[in-house]
Amino acid sequence: MGSADVEKHMPSADHSHKHKHKDKDREKSKDKSKDKHKDKHKDKHKDKDKEKSKDRSKEKEKKQDKEERKREKEERKREKEKIKAEKRLIEIKPEPVSEDEEMPLSSQEETEDDQPLISRTKIKTEIKQEKASKRKAEEIEDEDDETFEDPKKKKKKAKEVKKEKPDKKPTQNGTSPTKRAKKEKEEEETWKWWEEEKHEDGVKWKTLEHKGPVFATEYEPLPDHVKFKYNGKVVRLAAPAEEVASFYAHMLDHDYVTKDVFNKNFFKDWRKFMTQSEKELVTDLKKCDFTEMHTYFKARSEEKKNRTKEEKQKLKEDNEQLVKEYGWCFIDGHKQRIGNFKIEPPGLFRGRGDHPKMGMVKRRVMPEDVIINCHKGAAPKPPAGHKWKEVRHDNTVTWLASWTENVQGQVKYVMLNSASRLKGERDWQKYEVARRLKDSVDKIRETYKEDWKSKEMRIRQRAVALYFIDKLALRAGNEKDEDQADTVGCCSLRVEHISLHEQKNGKQYVVVFDFLGKDSIRYYNEVPVEKRVFKNVQIFMENKKPGDDLFDRLNTTIMNKHLNDLMDGLTAKVFRTFNASNTLQEQLDQLTDAKASVAEKILAYNRANRAVAILCNHQRSVPKTFAKSMENLQKKIDDKRKAIEDAERAYKDLKKEAKKTGSSAAKIASGKKEKQLEKLKEQLMKLEVQATDREENKEIALGTSKLNYLDPRISVAWCKKNDVPIEKIYNKTQREKFQWAIDMAGPEFVF
DNA sequence: GTTCTCACTTAGTACGGACCTT
DNA sequence: AAGGTCCGTACTAAGTGAGAAC
């Protein structure tokens, strides 16, 4: 079977050694670019989360909001300028480490906030914090939200919401229980939404009803015998500080605790949860001894593992109950599964790669932080004694609930799972755009090749970048803040990330890419390019420092604007989807042997899948047990070989004897042996196939491309055409996600 | 134009349970 | 029954890109 070798210049031409030491690689690349991106993001602003009273007029609020923004912006600007100035002055700065060493002193303002995890009023963390509050008062509602009249707002949607009333009026006051039960049953037999009419533009639903998210369980204080020690002495921490300490104690044998940034961030944040006296006492993380706590937690999880069957069963049932109650919603009269109905529990932020915020405390989320989205009159009850931050009725968005996370200030959403109509429809649409690109890609390629010669530098840059995106399936590369890990994509590549070689390994005009992409995964690829591209890149690099942008006249917005002019709906990421799906189609066509066994066909499929994963640089760390499991497999293979040898010998003897004696008993025996031999051989083949598959797969993650990049209709069609059961390719969840494709794609489908 | 916000997709990892072997 | 392996799932971080705000 031919190897999956794609014309497509995959990043891992010589995979084997390339990613072996992923972590080391990450370190290496990080070092290179340190100078540029090390400046510490000072805390951006500390504006308090002003308690905005509900009755305040919108006008007033808007104005305030404006002012607030202005202030914030100016502050930020100043910061940036400062940073820039510093950069100019000092090329090599000391590690960012030392700067808040004496944090205890510098944090006067923190002294008053002995902030229990659960308190949510005035969290003056450094985040942009609650810009969203502008929308807040506009829509505050109480449990009894029918009374609320929504005057203007919600531009387009108002009318649809009204329209909905006649037909499907949702429970509470509408649908009868029996009717609903019927619906529910129907749902289990799957709803073929793809055969239904779509919503009009921008509208995501007409009715939406759910029970709200599930909150993390409360903190359970340590039993008295588990002690935390400081400087060798037992210290009893109050619950808030103890809880945060426990986050750290849980992670004691994790890599994170060896990292300075992690420790520093943790310690700084931890102190915010201490009482005055704790704060005075505990001033040095190194003197903290969490080992007892750690041991205790370990013992507890051990205990959990050793629970009896009955206990486990009970737990399972409890969980199922929870899912049953909170894991589903009703949307447009259909029952659909929610993807993440549990709110993220508090803990320490685990940023990937070299993240400046790793170790910071991720606060506990309370109902008062959560915005609920649903149709009017369907607001779920908040947990007893609590209120929602807001209830809104925005049917132009798909989320059911949201809250703002405190570490990065990002909004987190509760959304439907991938088997839902809302997700499926978008997925389908995504592949349709990619297929349209297939039709116009030739023309686009012509255009950008022409643009390599443009007089205008910005056009040349755009054209070369697009060439990379097209050829290498690079990500777009939006700009990032300094308070995130330093990773790049195409448009944000810096000079230090590439090197040029007129000649390399017998190839001409080679561009070597070496950078950290999304999730700080290293991308390394040696790519022979057209001479014109090579020369252009040479020009782009002229007179630049390693930390300068390669494409200084380009960003993702410019690129996407241009792409949209070339084809409706085209953006940079469409190329990745197109490339991936197209590669799968080509590879399947090329690798599948119609006469082969199902096992071999599956191997071919996996190979095709792998080609895509390599193209998209989807990596995983080599499983911890890999070497061992490989060894075991090899042993099995050897054993099998031996068995075959023996069987072969025995068979020969039997045959000989049968010939000699001509006895029917001997004939039968020989025939039996033959069959047995056959079987053994088949088993061996299976094992060998398995071994190759596993070896080739050890550091490549197939799941990501399968789930996000490969048009499922290609796989479905392939299965149908080749008589491979779909279950061999997609597991249950995947089949649910790709229901639409399984239903609509026949064997003749081509991407 | 630049910056910021919002919504949504894409991503790798940790973990636990099913299954298979000893 | 214990122990190892494999696989699916849950989790949540980190991207993309549109559009609003400045």
Side-chain angles (χ1 to χ4, degrees), chain A residues 22 65-66 69-70 72-74 76-77 80 128 131-132 134-135 204 254 301 304-307 309 312 315-316 319 323 327 339-345 347 349-353 355 357-358 362 373 394 396-399 402 404-405 407-413 415-418 422-423 426-427 430 475-481 484-485 487-492 517-521 555-561 563-564 569-574 576-577 580 616-621 623-626 628-630 632-633 636 690 694 701 703-705 707-709 730-734:
Chain A
K22 212 195 271 179
D65 203 61
K66 245 183 197 167
R69 258 164 220 266
K70 211 165 161 185
E72 282 165 4
K73 200 185 158 190
E74 272 163 17
R76 245 173 277 129
K77 212 159 136 193
K80 283 226 164 131
K128 347 202 167 215
K131 294 256 176 78
K134 73 157 185 247
R135 283 172 99 165
K204 305 292 167 60
H254 200 287
S301 75
K304 267 189 198 164
K305 255 186 253 160
N306 294 334
R307 273 185 294 226
K309 239 193 212 138
K312 279 185 182 167
L315 244 37
K316 203 176 163 193
N319 194 44
V323 172
N340 56 326
F341 60 93
K342 287 182 187 156
I343 290 213
E344 296 172 17
F349 177 72
R350 293 151 99 108
R352 317 235 172 100
H355 198 118
K357 292 193 168 184
M358 62 168 79
K362 203 166 81 164
N373 193 31
D394 185 349
T396 65
V397 296
T398 67
W399 50 268
S402 73
T404 302
E405 161 264 8
V407 175
Q408 311 219 70
Q410 289 167 336
V411 184
K412 302 268 191 165
Y413 301 94
M415 289 184 184
L416 295 182
N417 93 344
S418 48
L422 240 28
K423 295 287 183 189
R426 300 269 307 214
D427 215 33
K430 171 180 79 185
R475 294 190 185 83
N478 281 315
E479 270 130 86
K480 296 182 79 186
D481 284 350
Q484 294 171 292
T487 62
V488 298
C490 185
C491 295
S492 50
K518 182 175 178 180
D519 293 302
S520 294
I521 297 293
N555 60 38
T556 52
T557 312
I558 296 172
M559 177 62 84
N560 283 330
K561 280 231 172 74
L563 291 176
N564 198 249
L570 186 60
T571 64
K573 89 186 184 81
V574 177
R576 246 167 108 77
T577 313
C616 295
N617 202 36
H618 291 141
Q619 299 185 24
R620 62 166 181 177
S621 40
K624 279 180 224 83
T625 53
F626 180 80
K628 209 164 169 197
S629 86
M630 210 55 197
N632 291 344
L633 192 58
K636 268 197 202 162
Q690 202 186 344
R694 202 185 294 176
T704 307
S705 49
L707 245 40
N708 300 303
Y709 287 103
Y730 291 139
N731 67 28
K732 185 160 161 284
T733 327
Q734 293 167 161

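Note that the structure is a prediction, hence the values are computed from the model and not measured. Order of the sequence lines sets the chain letters (A, B, ...), proteins ahead of strands, with each chain counted from 1.
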Asker: B:dT9, OP1 or OP2 - any side-chain N/O from A:Tyr709 closer than 4.0 Å?
Answerer: no
Asker: Quick one: NZ on A:Lys573 to OH on A:Tyr709, what's the gap to the nearest 0.5 Å?
Answerer: 7.0 Å
Asker: Starting from the 5' end of DNA chain C, give me the residue, A:Gly339 or A:Ala572, whose nearest nucleotide shows up first.
Answerer: A:Gly339
Asker: Does A:Lys357 place a side-chain N or O at less than 4.0 Å from the phosphate oxygens OP1/OP2 of C:dA13?
Answerer: no
Asker: Does A:Asn560 reach a base, just sugar-phosphate, or nothing at all? Heavy atoms under 4.0 Å.
Answerer: sugar-phosphate
Asker: Measure the distance from NE2 on A:His618 to P on B:dA11 and round it to the nearest whole Å.
Answerer: 4 Å
Asker: Base, sugar-phosphate alone, or nothing: which one does A:Lys316 contact when heavy atoms must sit under 4.0 Å apart?
Answerer: sugar-phosphate
Asker: How would you label the contact of A:Lys430 with the nucleic acid (heavy atoms, under 4.0 Å): base, sugar-phosphate, or nothing?
Answerer: sugar-phosphate
Asker: Just checking, any donor-acceptor pair under 3.5 angstrom between side chains of A:Lys412 and A:Ser402?
Answerer: no
Asker: Return no unless some side-chain N or O of A:Thr557 is found under 4.0 Å from OP1 or OP2 of C:dG17.
Answerer: no
Asker: Is the distance from OP1 or OP2 of C:dA14 to the nearest side-chain N or O of A:Ser520 less than 4.0 Å?
Answerer: no
Asker: Between A:Asn417, A:Val323, A:Leu416, which is the residue that forms a side chain to side chain contact (heavy atoms under 4.5 Å, CB included) with A:Phe341?
Answerer: A:Val323
Asker: If you look at every strand shown and take non-hydrogen atoms under 4.0 Å, does A:Ala485 touch a base, only sugar-phosphate, or nothing?
Answerer: nothing
Asker: From the set B:dA11, B:dC6, C:dT12, return the single nucleotide nearest to any side-chain atom of A:Tyr413.
Answerer: B:dC6
Asker: Any chance the side chains of A:Thr571 and A:Asn560 put a donor and an acceptor closer than 3.5 Å?
Answerer: no
Asker: Categorize A:Gly351 for me: base, sugar-phosphate, or nothing, with a 4.0 angstrom heavy-atom threshold over every strand shown.
Answerer: sugar-phosphate
Asker: If you compare every side-chain N and O of A:Asn478 against the phosphate oxygens of C:dT16 (OP1, OP2), does one of them come in below 4.0 Å?
Answerer: yes
Asker: Hey, does the side chain of A:Asn731 come within less than 4.0 Å of C:dG8's phosphate (OP1/OP2), counting only N and O?
Answerer: yes
Asker: Within the structure shown, what part of the strands sits under 4.0 Å from A:Gly489 by heavy-atom distance: base, sugar-phosphate, or nothing?
Answerer: nothing
Asker: Which is more 5' along DNA chain B, the nucleotide nearest A:Arg576 or the one nearest A:Arg350? Just name the residue.
Answerer: A:Arg576
Asker: With a 4.0 Å cut-off on heavy atoms, is A:Thr487 in touch with a base, just the backbone sugar-phosphate, or nothing at all?
Answerer: sugar-phosphate
Asker: Is it true that A:Glu344 and A:Lys362 have a side-chain N and a carboxylate O under 4.0 angstrom from each other?
Answerer: yes
Asker: Could you state the CG-P distance from A:Asp481 to B:dT2, rounded to the nearest angstrom?
Answerer: 16 Å
Asker: C:dG17, OP1 or OP2 - any side-chain N/O from A:Thr571 closer than 4.0 Å?
Answerer: yes
Asker: Look at all strands and tell whether A:Lys204 reaches a base, only sugar-phosphate, or nothing, counting heavy atoms closer than 4.0 Å.
Answerer: sugar-phosphate
Asker: Look at the side chain of A:Lys518 against the base of B:dT10 and say whether a donor-acceptor pair falls under 3.5 Å; ignore hydrogens and angles.
Answerer: yes
Asker: On DNA chain C, nearest-nucleotide positions of A:Phe349 versus A:Thr556: which is more 5'?
Answerer: A:Phe349
Asker: Hey, does the side chain of A:Asp481 reach the backbone of A:Gln484 with a donor-acceptor pair shorter than 3.5 angstrom?
Answerer: no
Asker: DNA chain B: A:Val397 or A:Asn708, which has the more 5' nearest nucleotide?
Answerer: A:Val397
Asker: Choosing from B:dG12, B:dT9, C:dT12, which nucleotide comes nearest the side chain of A:Lys423?
Answerer: B:dT9
